[in-house]
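All remarks here apply to the structure that follows.
Count residues from 1 along the sequence.
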Amino acid sequence: MLGLLLARAGVDVLVLEKHKDFLRDFRGDTIHPSTLELMYELGILDTFLARPHQELRQVTGYYNGEPVTLADLTHLPTHCKFVALMPQWDFLNFIAEQARAYSTFHLQMEAEVVGLLEQDGRVVGVRVHEANRDVEVRAPLVVGADGRSSVVRERAGLLVEDFGAPMDVLWMRLPRAEQDAAQVLGYFDNGRIFIMLGRGDYWQCGFVIAKGQFDAMRREPIARLQQLIVGVVPWLKGRVTSLASWDDVKLLTVRVDRLKEWSRDGLLCIGDAAHAMSPIGGVGINLAIQDAVATSNLLADCLKSQRCTHDDLRRVQARREWPTKMTQRLQLAVQNRVIAPTLADTDSRRKPPLFLNLVKWLPVLRRIPARVLAVGFRPEHIS
């Protein structure tokens, strides 16, 4: 997205992608209204929505077997009053196609950044491994957008503040039938948490476990995991056998962290490379895109003249740090006050949190989490 925006502003951009394609499974699939609003501002929303996707207008969960609508997006002040569910590789391919319309945009696949080039304390480029050789790429600005395990931020020596997480998530696929609900479903029951996102003919499912529990679980037969899932969602009984072995289960190690400084002279980190988000709310991809918009708005002019100073780069953090902190504080509150107690209490049914009762009694309150989830604390707009 940053490559698209900068190329649109006339900045020469090279995007380096480690893999040969974007086909990574078990990534976030939620394109929130804040992101859809940006595509409207770019004039590409109708083209995007013509692609296969699902539209989520309410977020519904089950707490101890009782359905609860947590968020109602139909009252949002946006053109799209829904979350679009689309496999992330389709979304990335779409953005890349739009960016290729600009002669200043360049995308190089199978190009892995393995190190930084520095001169007199300033980052002046990257070392890239491609086609069994190492090459150097020099640039007036290096942007690390390489995720929560960022090579760029590690090589730059940027300090990370880790806020901890009480859980990890096991991702898997389960068959989906035509009569199944089309909504995202979350189940909280008997100390277990299970999330289901519809993806055409299958469900992408997340089984939440206590932090560090995965190794012990893997020592048991896969039938044990099947049993745990059915204990939470009984109607999946005939489908969990599609998990033939632990090879069908992927571990997402949950992190919540944030760089103390997002930049050095000649280098800037955005997205998960600057602030790893919890999967709660599926907001990580959308927060990263907001970072990209702010970066383009603030830096496009100085990049065109190739005179961005470190003070210019610090303006991005100054703009985006507050909404990041607020979002992470909410995620940490949910982790510590809802998820951790739920995972710790596997033998009894906990009383639902007060907020769940309130949204059942007063439906208008469902607009609050919808606004926070779908729009965020400081939505950005295309300059």
Side-chain angles (χ1 to χ4, degrees), residues 26-30 32 59-71 83 148 161-172 183-197 203-217 225 228-229 231-233 236 249-258 272 275-287 324-360 365-366 368-370 372-374 376:
F26 305 118
R27 279 177 160 178
D29 293 349
T30 53
H32 288 211
V59 178
T60 301
Y62 288 80
Y63 200 96
N64 293 338
E66 293 291 326
V68 181
T69 298
L70 302 172
V83 172
R148 62 188 55 221
E161 188 175 4
D162 191 341
F163 302 103
M167 80 283 195
D168 292 322
V169 181
L170 305 183
W171 284 111
M172 66 206 75
Q183 301 287 356
V184 175
L185 301 175
Y187 292 84
F188 289 69
D189 205 336
N190 287 328
R192 306 294 180 189
I193 303 172
F194 194 71
I195 309 298
M196 303 175 67
L197 297 89
W203 290 100
Q204 178 173 310
C205 301
F207 188 76
V208 182
I209 63 173
K211 173 69 70 176
Q213 191 180 18
F214 185 54
D215 288 341
M217 293 181 69
L225 177 61
L228 291 173
I229 294 171
V232 183
V233 191
L236 290 177
V249 179
K250 306 299 180 184
L251 174 67
L252 169 64
T253 301
V254 176
R255 300 181 195 166
V256 182
D257 64 36
R258 188 171 63 246
D272 272 8
H275 45 75
M277 310 300 291
S278 167
I280 294 170
V283 298
I285 178 177
N286 300 280
L287 218 66
T324 299
K325 284 183 176 180
M326 294 298 294
T327 305
Q328 288 183 326
R329 284 174 183 171
L330 275 181
Q331 290 184 326
L332 291 169
V334 174
Q335 284 185 173
N336 297 332
R337 298 178 186 178
V338 179
I339 293 179
T342 299
L343 295 176
D345 192 3
T346 59
D347 297 324
S348 63
R349 294 198 164 193
R350 297 179 57 84
K351 292 181 179 180
L354 176 61
F355 182 74
L356 293 189
N357 287 326
L358 290 176
V359 296
K360 288 180 69 174
L365 294 179
R366 299 169 187 169
I368 299 173
V372 173
L373 172 78

If I compare all heavy atoms of M167 with all of V254, which pair ends up nearest, and what's the gap? O-CB, 3.2 Å
Write down the atom of G282, the atom of T30, and the distance for their closest heavy-atom approach. O-OG1, 3.0 Å
Hits for salt bridge (charged side-chain N to carboxylate O under 4.0 Å, His left out) against R258, two or more places apart or cross-chain, chain-then-number order -> none
Tell me the closest heavy-atom pair linking I229 and M172, and the distance in Å. CD1-SD, 3.6 Å
Which of these, F207, Y62, F194, sits in a ring-ring contact (aromatic ring centres under 6.0 Å, His included) with Y187? Y62
Are the side chains of T342 and I193 in contact, using a 4.5 Å heavy-atom criterion? yes
Which pair of heavy atoms, one from Q335 and one from P166, lies closest together, and at what distance? NE2-CD, 3.4 Å
Donor-acceptor under 3.5 Å (K250 side chain, V169 main chain): no
Measuring from atom CG of L197 to atom CH2 of W203, what distance do you get when rounded to the nearest 0.5 angstrom? 8.0 Å
Hey, could you give me the CG/CZ distance between L332 and R337, rounded to the nearest 0.5 Å? 10.5 Å
Heavy-atom check, side chain of T253 versus side chain of R148, under 4.5 Å: no
Is there a side chain to side chain contact (heavy atoms under 4.5 Å, CB included) between M196 and L236? Walk through the geometry before answering. CA-CA 11 Å; M196 303 175 67; L236 290 177; 4.0 Å; yes
Working for side chain to side chain contact (heavy atoms under 4.5 Å, CB included), residues R255 and D162: CA-CA 8 Å; R255 300 181 195 166; D162 191 341; 5.6 Å; no
Who are the side-chain hydrogen bond (donor to acceptor under 3.5 Å, both in side chains) partners of K325, not counting sequence neighbours? none
Would you sort out whether I339 and I280 count as a side chain to side chain contact (heavy atoms under 4.5 Å, CB included), showing the intermediate values? CA-CA 10 Å; I339 293 179; I280 294 170; 3.7 Å; yes
Please confirm whether the backbone N or O of V283 pairs with a side-chain atom of H32, one donor and one acceptor, at under 3.5 Å? no
Please give me the minimum heavy-atom distance between D272 and M277, naming the atom from each residue. OD1-N, 3.7 Å
If you apply the rule side chain to side chain contact (heavy atoms under 4.5 Å, CB included), what do you find for V232 with F188, and how did you get there? CA-CA 8 Å; V232 183; F188 289 69; over 6 Å; no
Provide the closest heavy-atom pair for L70 versus P369 in the form atom of the first, atom of the second, distance. O-CG, 3.0 Å
Is the shortest heavy-atom distance from the side chain of M217 to the side chain of L228 under 4.5 Å? yes
Taking D257 for the side chain and A276 for the main chain, is one N or O donor matched with an acceptor at less than 3.5 Å? yes
Report yes if the side chains of W171 and C205 come closer than 4.5 Å at any heavy-atom pair, otherwise no. no
Interatomic distance, CG@L365 vs OG1@T69, rounded to 0.5 Å, equals 13.0 Å
To the closest 0.5 Å, what do you measure between CG (L252) and CG (D168)? 7.0 Å
Taking side-chain hydrogen bond (donor to acceptor under 3.5 Å, both in side chains) as the test, write out the residues that go with Q331, two or more places apart. none
I209 and L343, any side-chain heavy atoms less than 4.5 Å apart: no
